[in-house]
Amino acid sequence: MKNSTLPTLFIPHGGGPCFFMDWPGDPRMWDRMADYLRTTGEQLRPKAILIISGHWEADAFTVGANPQPSLIYDYYGFPEHTYALRYDAPGSPALAQRVHDLLRDAGLPAAIDNERGWDHGVFIPLKVMYPDAAIPVVQLSMKKGLDPAEHLRAGKALQTLRDEGVLIIGSGMSFHNMRGFSPAFRDASEQFDDWLADMAKRDADERNALLQDWQSAPHARQVQPHPDHLLPLMVAAGAAGTDTGSRVFQDTVMNVVVSALAFGATGKIETESDEATENATNQPA
């Protein structure tokens, strides 16, 4: 039986290790976001995960192929115990090779990194979504220059993975201005977030045109002064193909609005083993 087509997601990964500590001033600040991530993980049980984080840029689209990735604690000034967090999910060299080949076949520059571990844009949200750490995970970098069109093309090249039980996740933040988490930025964040929600509902051609010109969105550069946490959305949207999307989560954290988007089916999807998926995720490269 053919697997159901998985959705693609653009999720917020919070602030550092926020879900695994008492946040100063408001220990419950990130609870609703954690609940969204946890519920999403309960609804979607893929064969493998391909995740693009706002914390890895490389000269080419680079795929992590380490079979047992270590963790990169790329956050600073947090409680000591957050530097001992574990996430022992396996990598998948076979899926990494497939991702690399799909990108190359689409005419995009691609490379493989056999050593790199997972940054916190990967292991922090996945530790909430899939705490059993049983699903193979492969990370894909962004390409330096952060060209929206290139990242949309990368997503388009990878969309067939959705039919093979691979969940494609863009991990970033819809608001990411480290100097802007204040009431003064509330209206700007809300207007930009509403633009994102409207964009997601458009047909693919219009959606892609809007994303390529995202800097024209309301308060875009206030909300995303450096778009590293927005570009994972481009890959998720590109991989959506002709599927439309919607805003599936919204909250106010640290005085600004943040959200999540999903493209394609958003209900519970149960995938069954098939030869293509087993070849993509379980066999050695």
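Note: hydrogens, waters and symmetry copies are ignored here, and every other heavy atom, side chains too, is used. Here the structure is a predicted model, which means the values were calculated and not measured.
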J.: Tell me whether Ser53 contacts the main-chain N or O of Trp56 through its side chain, where contact means a donor paired with an acceptor under 3.5 Å.
T.: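 No; judged by distance alone, with no hydrogens or angles, the pair does not exist.
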J.: Identify, with sequence neighbours excluded, every residue that meets salt bridge (Lys or Arg N to Asp or Glu O under 4.0 Å) alongside Asp243.
T.: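 Once residues adjacent in sequence are excluded, the partners of Asp243 under the salt bridge (Lys or Arg N to Asp or Glu O under 4.0 Å) criterion are Arg162.
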J.: Under 4.5 Å between side-chain heavy atoms, hopping through other hydrophobics if needed: is there a path connecting Phe185 to Phe192?
T.: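 In one cluster: yes.
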J.: Measure the shortest side-chain to side-chain distance between Trp118 and Val138 over non-hydrogen atoms and say whether it is less than 4.5 angstrom.
T.: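 A side-chain contact under 4.5 Å is absent here.
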J.: Quick check: does any side chain N or O of Thr62 sit under 3.5 Å from a backbone N or O of Ala60, one acting as donor and the other as acceptor?
T.: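 Yes.
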J.: Before you tell me yes or no, could you show the steps for Val166 and Lys47 under side chain to side chain contact (heavy atoms under 4.5 Å, CB included), namely the whole-Å CA-CA distance, both residues' side-chain angles and the distance that decides it to 0.1 Å?
T.: CA-CA 6 Å; Val166 179; Lys47 287 291 180 180; 5.8 Å; no
J.: Check side chain to side chain donor-acceptor pair (under 3.5 Å) between Asp74 and all other residues, then give those that pass, not counting sequence neighbours.
T.: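 Here the qualifying residues are His120.
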J.: To the nearest 0.5 angstrom, please state how far the CE atom of Met199 sits from the CG atom of Asn208.
T.: 9.5 Å
J.: Which heavy atom in Gly170 sits nearest to a heavy atom in Ala236, and how many Å separate them?
T.: N-CB, 4.3 Å
J.: Please determine whether salt bridge (charged side-chain N to carboxylate O under 4.0 Å, His left out) holds for the pair Asp31 and Arg28, giving the CA-CA distance in whole Å, both sets of side-chain angles, and the decisive distance to 0.1 Å.
T.: CA-CA 5 Å; Asp31 283 6; Arg28 306 188 68 83; 3.1 Å; yes
J.: Are any side-chain N or O atoms of Tyr73 and backbone N or O atoms of Leu85, one a donor and one an acceptor, separated by less than 3.5 Å?
T.: yes
J.: Might you point out which heavy atoms bring Ala262 and Val248 nearest each other, and give the distance in Å?
T.: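 Minimum heavy-atom separation between Ala262 and Val248: CB-CG1, 3.8 Å.
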J.: Please examine the side chains of Asn255 and Arg186, heavy atoms only from C-beta on, and report whether any two atoms are closer than 4.5 Å.
T.: no
J.: Could you give the distance from CD (Glu57) to CG (Leu146), rounded to the nearest 0.5 Å?
T.: 4.5 Å
J.: Tell me, with the steps shown, if Glu150 and Lys143 meet salt bridge (charged side-chain N to carboxylate O under 4.0 Å, His left out).
T.: CA-CA 8 Å; Glu150 280 191 305; Lys143 182 177 177 293; 3.4 Å; yes
J.: Atom CD1 of Ile51 and atom CE of Met129: how far apart are they, to the nearest 0.5 Å?
T.: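 Ile51 atom CD1 to Met129 atom CE measures 7.5 Å (nearest 0.5 Å).
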J.: Can you hop from Ile49 to Phe123 via hydrophobic side chains spaced under 4.5 Å?
T.: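 Per the 4.5 Å side-chain linkage, Ile49 and Phe123 are co-clustered.
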J.: If we count only N and O atoms by modelled type, under 3.5 Å, do the side chains of Gln139 and Asp119 hold a donor and an acceptor together?
T.: yes
J.: According to a hydrophobic-cluster definition based on side-chain heavy atoms being under 4.5 Å apart (Ile, Leu, Val, Met, Phe, Trp, Tyr only), do Tyr87 and Leu37 belong together?
T.: yes
J.: Rounded to the nearest 0.5 Å, how far does NE2 of His13 lie from CG of Leu126?
T.: 11.5 Å
J.: Going by the rule side chain to side chain contact (heavy atoms under 4.5 Å, CB included), which residues pair with Phe78 if we only count those two or more places apart in sequence or in a different chain?
T.: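 In terms of side chain to side chain contact (heavy atoms under 4.5 Å, CB included), with neighbours along the sequence ignored, Phe78 is linked to Pro17, Met21, Trp23, Tyr75, Thr82, Tyr83.
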J.: Report yes if some heavy atom in the side chain of Gln224 is under 4.5 Å from a heavy atom in the side chain of Asn177; otherwise report no.
T.: no
J.: Measuring only between side-chain heavy atoms, which start at C-beta, is Met173 closer than 4.5 Å to Phe10?
T.: no
J.: Can you name the residues that form a side chain to side chain donor-acceptor pair (under 3.5 Å) with Asp132, not counting sequence neighbours?
T.: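 Per chain and number, Asp132 pairs via side chain to side chain donor-acceptor pair (under 3.5 Å) with Arg45.
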J.: In terms of side-chain heavy atoms, does Asn66 have a donor or acceptor partner in Glu115 at a distance below 3.5 Å?
T.: no
J.: Measuring from atom CD1 of Ile168 to atom CG of Leu50, what distance do you get when rounded to the nearest 0.5 angstrom?
T.: 5.5 Å
J.: For side chain to side chain contact (heavy atoms under 4.5 Å, CB included), just list the numbers for Leu161 and Leu167, CA-CA rounded to whole Å, side-chain angles, deciding distance to a tenth of an Å, and then say yes or no.
T.: CA-CA 8 Å; Leu161 296 174; Leu167 180 62; over 6 Å; no
J.: Hey, which of Thr8, Ile11, Leu196, Leu9 is the one that makes side-chain contact (heavy atoms from CB on, under 4.5 Å) with Leu233?
T.: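 So, applying the side-chain contact (heavy atoms from CB on, under 4.5 Å) to Leu233 and each of Thr8, Ile11, Leu196, Leu9, only Leu196 qualifies.
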J.: Between the side chain of Gln43 and the main-chain N/O of Thr40, is any donor-acceptor distance below 3.5 Å?
T.: no
J.: Looking only at heavy atoms, what is the nearest atom pair of Asp251 and Met33, with distance?
T.: OD2-N, 4.4 Å
J.: Is there side-chain contact between Val223 and His176, with at least one heavy-atom pair below 4.5 Å?
T.: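 Not in contact.
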J.: For the residue pair Asp163 / Thr160, report whether a side-chain donor-acceptor contact shorter than 3.5 Å exists.
T.: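 Result is no, nothing qualifies.
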J.: Let me confirm one number: the CG-CD distance from Leu95 to Glu164, rounded to the nearest 0.5 Å.
T.: 8.5 Å
J.: Tell me if a side-chain donor or acceptor on Arg207 pairs with a main-chain N or O of Ala237 at a distance below 3.5 Å.
T.: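 Yes: the side chain of Arg207 pairs with the backbone of Ala237.
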J.: List the residues meeting side chain to side chain contact (heavy atoms under 4.5 Å, CB included) with Asp198, not counting sequence neighbours, and say none if there are none.
T.: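 Partners of Asp198 by the side chain to side chain contact (heavy atoms under 4.5 Å, CB included) criterion, ordered by chain and then number, come out as Lys201, Arg202.
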J.: Determine whether Tyr130 and Arg38 satisfy the following criterion, side chain to side chain contact (heavy atoms under 4.5 Å, CB included), listing intermediate values before the conclusion.
T.: CA-CA 7 Å; Tyr130 299 106; Arg38 190 175 300 111; over 6 Å; no
J.: Could Asp101 and Arg98 be called an ion pair, given the rule that one side-chain N must be under 4.0 Å from one carboxylate O?
T.: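 Here Asp101 does not pair with Arg98 in a salt bridge, since their nearest N and O are not under 4.0 Å apart.
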J.: Are the side chains of Arg221 and Trp214 in contact, using a 4.5 Å heavy-atom criterion?
T.: yes
J.: Using side chain to side chain contact (heavy atoms under 4.5 Å, CB included), reason through Met234 and Leu231 one step at a time and then give a plain yes or no.
T.: CA-CA 5 Å; Met234 312 303 176; Leu231 264 292; 3.5 Å; yes
J.: Give a yes or no answer on whether the side chain of Arg104 reaches the backbone of Ala110 with a donor-acceptor pair at less than 3.5 Å.
T.: yes
J.: Closest approach of Asp59 and Lys144, non-hydrogen atoms and distance?
T.: OD1-CD, 3.3 Å
J.: Any non-hydrogen side-chain atom of Pro232 less than 4.5 Å from a side-chain atom of Met142?
T.: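 A side-chain contact under 4.5 Å exists here.
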J.: Under the side chain to side chain donor-acceptor pair (under 3.5 Å) test, which residues partner Arg153, sequence neighbours left out?
T.: none
J.: Taking the side chain as C-beta and beyond, is there a heavy-atom pair between Val122 and Ile72 under 4.5 Å?
T.: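 Heavy-atom side-chain distance check fails, nothing below 4.5 Å.
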J.: Is it possible for you to say whether Leu158 and Ile112 belong to one hydrophobic cluster, with membership spreading through side-chain heavy-atom contacts below 4.5 Å?
T.: no
J.: Are more than 12 heavy atoms, taken from residues, nucleotides or ligands other than Lys127, located less than 6.0 Å from that residue's NZ atom?
T.: yes
J.: Looking only at non-hydrogen atoms, find the nearest pair between Phe61 and Leu108 and report the distance.
T.: CE1-CD2, 4.2 Å
J.: Can you see which heavy atom on Pro125 is nearest to which on Gly121, and at what distance?
T.: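 Smallest heavy-atom distance, with atoms named: CG-O, 3.3 Å.
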J.: Honestly curious: do Val257 and Met29 fall in one hydrophobic cluster under the side-chain, below-4.5 Å linking rule?
T.: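 No, because Val257 and Met29 fall into different hydrophobic clusters, even though each may have its own neighbours under 4.5 Å.
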J.: Could you tell me how the ring of Tyr36 sits relative to the ring of Phe249: parallel (under 30°), tilted (30 to 60°) or perpendicular (over 60°)?
T.: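 Correct class here is parallel.
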